[in-house]
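Everything on this sheet refers to the single structure shown next.
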Amino acid sequence: MYCHTGYQQSLPLTWLQAPSEQDRMALLEFLRGVLYGLSASTKEHGTEVHASRVRHAFDRLGAPALYRVGLKLLSLLREAEALSGGYWVSAPFRVIEIEGHAVFIGALPSAFGFLGDVTNDGLCRLLTPEVAARFPRQDMEAWMGVPPVPVGSHVTAFFQHHQRQASPTISQAEIEYLSFTGGAAVRSATRRRFLWDSHPVSLAGEPIALCRQKHFGIYRYFSAELRSGRVISEAAIEQSIPRLLFALAHDAGMPVVIDIRHGSESVEVSIAEHLPIEEYRLALLLSRRIVRQSSRRTFHLAPQLAPALIGRLMELGCILETDK
């Protein structure tokens with residue numbers, strides 16, 4: 001494959017000798033080169049590539065397990081999409097604007113030179129205005145996949161859906177109920193806000209609870225009507241569960257707290273709860289480094305890009321606690 005001679009020159013020799021998941025930028029550059037090379041070696045660029053061919057490239061690199069990590073990263077960044085049968089296809093090349101900067105999205109390796117003088121920050125590839133003008137634009141929220149509705153709408157939809165779809169409960173065994181810990185003034189960036197307990201708890205003054213129940217190691221989530229501490233009816237939830245949790249916490253007056261620390265060279269954004277996939281996608285793209293401590297994640301961001309993530313977290317219903 002001709003792609004091997006191109007992208008290896010742009011990768012650190014140390015990474016090629018000992019490929020690591022921690023260096024996400026190098027991993028992505030290698031995988032972009034693989035996908036681009038395999039696609040371009042066919043009659044028409046953009047043709048589907050089977051995951052086994054991608055794995056073969058990582059086998060030759062001596063790091064076969066990394067191909068899954070790399071494909072997951074490309075999928076999270078929406079640079080490639082999985083098709084049925086184990087095939088993958090590169091997504092259309094485009095540019096999103098983040099805090100006035102043109103960020104390239106696409107499985108095109110920087111080393112090939114088509115993107116001009118690229119500036120890397122986190123996983124962002126920042127283009128000059130001249131190069132950015134060559135590509136179609138996509139709204140940042142559209143790239144993230146954020147639902148175009150305010151946070152309160154998710155709570156209203158949750159209760160309305162239960163009223164329409166509820167039916168007699170299937171099972172009472174080992175049900176856990178959602179509640180919230182602490183008040184709005186309690187520092188919780190280092191402590192989880194969402195609490196799951198066997199004690200029945202209703203939400204927002206309604207006799208409705210959000211429940212989960214484990215089956216074969218996987219949780220199923222549902223809304224439930226409570227009467228005398230027992231579930232009498234339930235309904236499947238069709239919303240994003242992580243997004244709904246943030247919305248319900250905000251509605252209850254106990255929103256998730258985000259800890260913000262401003263430094264001269266970076267901004268640290270800490271949260272103890274798992275972000276919805278849409279906000280995590282943005283955090284992953286912008287982060288220079290992600291530190292995990294138990295359930296807490298701290299995203300280290302460039303000061304000029306951090307406001308984009310902070311703004312989205314406020315739209316999610318979080319409150320900020322700033323420590324300068």
Side-chain angles (χ1 to χ4, degrees), residues 10 23-26 28-29 32 73-80 90-151 243 246 256 258-271 275-291 297-324:
S10 72
D23 190 344
R24 295 187 180 94
M25 182 58 75
L28 285 169
E29 181 71 1
R32 289 167 182 145
L73 281 174
L74 279 187
S75 176
L76 280 170
L77 296 180
R78 311 196 101 168
E79 294 190 4
S90 295
F93 301 152
R94 67 262 196 220
V95 167
I96 60 175
E97 184 174 316
I98 301 179
E99 298 300 313
H101 298 273
V103 179
F104 180 76
I105 302 295
L108 175 64
S110 303
F112 284 10
F114 300 138
L115 301 178
D117 295 327
V118 174
T119 301
N120 295 324
D121 203 319
L123 296 185
C124 289
R125 293 189 287 172
L126 310 178
L127 305 184
T128 63
E130 295 76 19
V131 175
R134 303 173 191 169
F135 298 98
R137 295 271 175 155
Q138 184 179 28
D139 182 76
M140 187 186 77
E141 282 77 12
W143 167 77
M144 291 172 61
V146 175
V149 295
V151 62
R243 188 166 296 279
F246 278 80
V256 174
I258 308 296
D259 186 27
I260 311 292
R261 295 188 179 184
H262 293 273
S264 59
E265 297 183 359
S266 69
V267 176
E268 297 179 15
V269 178
S270 296
I271 181 171
L275 291 173
I277 186 63
E278 298 83 7
E279 280 72 19
Y280 181 72
R281 176 174 291 122
L282 181 62
L284 176 67
L285 178 68
L286 300 182
S287 294
R288 294 169 170 174
R289 186 163 61 102
I290 301 175
V291 178
R297 293 186 182 186
T298 300
F299 304 97
H300 295 251
L301 315 169
Q304 67 271 23
L305 300 176
L309 178 61
I310 294 172
R312 281 307 319 168
L313 295 179
M314 293 177 68
E315 292 289 335
L316 188 60
C318 302
I319 59 173
L320 310 180
E321 185 166 296
T322 302
D323 181 11
K324 295 186 178 180

Quick one: side chain to side chain donor-acceptor pair (under 3.5 Å) partners of Glu315, sequence neighbours excluded? none
Considering residues at least two apart in sequence or located in another chain, which fulfil the side chain to side chain donor-acceptor pair (under 3.5 Å) criterion with Glu279?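 If we apply the side chain to side chain donor-acceptor pair (under 3.5 Å) test to Glu279, skipping adjacent residues, the hits are Arg243.
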Once rounded to the nearest 0.5 Å, what's the spacing between atom [atom1] of [X] and atom [atom2] of [Y]?
X: Arg134; Y: Phe93; atom1: CZ; atom2: CZ; value: 13.5 Å
X: Leu76; Y: Tyr280; atom1: CG; atom2: OH; value: 7.0 Å
X: Phe246; Y: Leu316; atom1: CZ; atom2: CG; value: 5.0 Å

Listed partners of Arg289 passing salt bridge (charged side-chain N to carboxylate O under 4.0 Å, His left out), at least two apart: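 Arg289 satisfies salt bridge (charged side-chain N to carboxylate O under 4.0 Å, His left out) with no other residue.
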Output side-chain donor-acceptor pairs under 3.5 Å for residues 118-129, partner residues at least two apart or in another chain, one line each.
| unit_1 | atom_1 | unit_2 | atom_2 | d |
| --- | --- | --- | --- | --- |
| Asp121 | OD1 | Arg288 | NE | 2.9 |
| Asp121 | OD2 | Arg288 | NH2 | 3.2 |
| Arg125 | NH1 | Leu108 | O | 2.6 |
| Arg125 | NH1 | Ser110 | OG | 3.0 |
| Arg125 | NH2 | Gly106 | O | 2.7 |
| Arg125 | NH2 | Leu108 | O | 3.2 |
| Thr128 | OG1 | Val131 | N | 3.4 |

With the side chain counted from C-beta on, respond yes when Val103 and Met140 share a heavy-atom pair under 4.5 Å apart, and no when they do not. no
Close side-chain approach of Ile277 to Arg281, heavy-atom, < 4.5 Å: yes
Whether [X] side chain and [Y] backbone form a donor-acceptor pair below 3.5 Å:
X: Arg94; Y: Pro92; value: yes
X: Trp143; Y: Val95; value: no
X: Glu141; Y: Pro148; value: no

Looking at residues at least two apart in the chain, or sitting in another chain, which of them share a side-chain contact (heavy atoms from CB on, under 4.5 Å) with Ala142?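 Partners of Ala142 by the side-chain contact (heavy atoms from CB on, under 4.5 Å) criterion, ordered by chain and then number, come out as Gln138, Asp139.
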Show, in sequence, the C-alpha distance, side-chain angles and deciding distance for Ile260 and Ile258, and conclude whether the side chain to side chain contact (heavy atoms under 4.5 Å, CB included) test is met. CA-CA 6 Å; Ile260 311 292; Ile258 308 296; 3.6 Å; yes
Can you give the donor-acceptor pairs under 3.5 Å from side chains of residues 297-311 to other protein atoms, not counting sequence neighbours?
| unit_1 | atom_1 | unit_2 | atom_2 | d |
| --- | --- | --- | --- | --- |
| Thr298 | OG1 | Ser270 | OG | 2.8 |

When you look at Asp23 and Met25, which way does the side chain to side chain contact (heavy atoms under 4.5 Å, CB included) test go after all the steps? CA-CA 6 Å; Asp23 190 344; Met25 182 58 75; 4.0 Å; yes
